[in-house]
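These notes concern the structure reproduced below.
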Amino acid sequence: AVLLTQPRQLAGQGGADPSQDVTAVATDMLRQLPEDFDLEVTLKRWPLTYEESMNTVLLQELTRFNRLTAIVRRSLAELLQAVRGEVVMSPQLDGVFNSLYDGKI
């Protein structure tokens with residue numbers, strides 16, 4: 001409740017237009033996201049065998065990480081489209097916008 005009464009300012013930036021600031025942060029985040037892990041290469045390097053059960057865990061975690069980064073990429077791309085007015089700003093995208101603007105992400 002206290003945060004809602006304080007003036008909003010993007011962490012580290014002080015631009016006059018929130019949409020420009022959020023666009024800059026979202027674009028930078030997209031640029032810094034790592035590429036997806038190649039699961040086929042992982043399987044060749046660390047095959048799933050009974051003797052090496054940790055390889056199964058590795059594959060599961062890489063799959064989860066790939067899904068997570070895909071969701072982040074999609075959300076940021078949709079946010080950029082919404083800021084440009086190409087798609088409707090959904091409540092979820094508005095939440096992402098506000099979190100980026102408030103410096104919570």
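Start at 1 with the first residue, then count along the sequence.
- Residues V25 and M89 share a hydrophobic cluster, clusters being chains of Ile/Leu/Val/Met/Phe/Trp/Tyr side chains in contact below 4.5 Å.
- Here the CG atom belonging to D38 is positioned 13.5 Å from the CZ atom belonging to R45, to the nearest 0.5 angstrom.
- Within the 4.5 Å cutoff, the side chain of I71 has heavy atoms near those of the S75 side chain.
- Atom-to-atom distance recorded for Q32:CD and L30:CG is 10.0 Å, nearest 0.5 angstrom.
- A 4.5 Å side-chain heavy-atom check between E78 and V96 finds every atom pair outside the cut-off.
- Distance check: L79 CG to R84 CZ gives 9.5 Å after rounding to the nearest 0.5 Å.
- How far CG of D21 is from CZ of F97: 8.5 Å, rounded to the nearest 0.5 Å.
- A pairwise comparison of heavy atoms in L33 and R73 identifies CD1-CG, 3.5 Å as the closest pair.
- Among pairs with a residue in residues 73-93, none fulfils ring-ring contact (aromatic ring centres under 6.0 Å, His included), at least two apart in sequence or across chains.
- Linking ILVMFWY side-chain heavy atoms closer than 4.5 Å, directly or via other members, places M29 and V83 in a single hydrophobic cluster.
- Checking side-chain atoms of D28 against main-chain N and O of A24 turns up no donor-acceptor pair under 3.5 Å.
- Put simply, CG on N55 and CG on L43 are 9.0 Å apart, with the number rounded to the nearest 0.5 Å.
- Heavy atoms of other residues, nucleotides or ligands lying less than 6.0 angstrom from CD of E40 number 12 at most.
- F65 and L76 are not part of a single hydrophobic cluster, where members link through side-chain heavy atoms under 4.5 Å apart.
- Once rounded to the nearest 0.5 Å, the distance linking OG of S19 with CG of L80 reads 11.0 Å.
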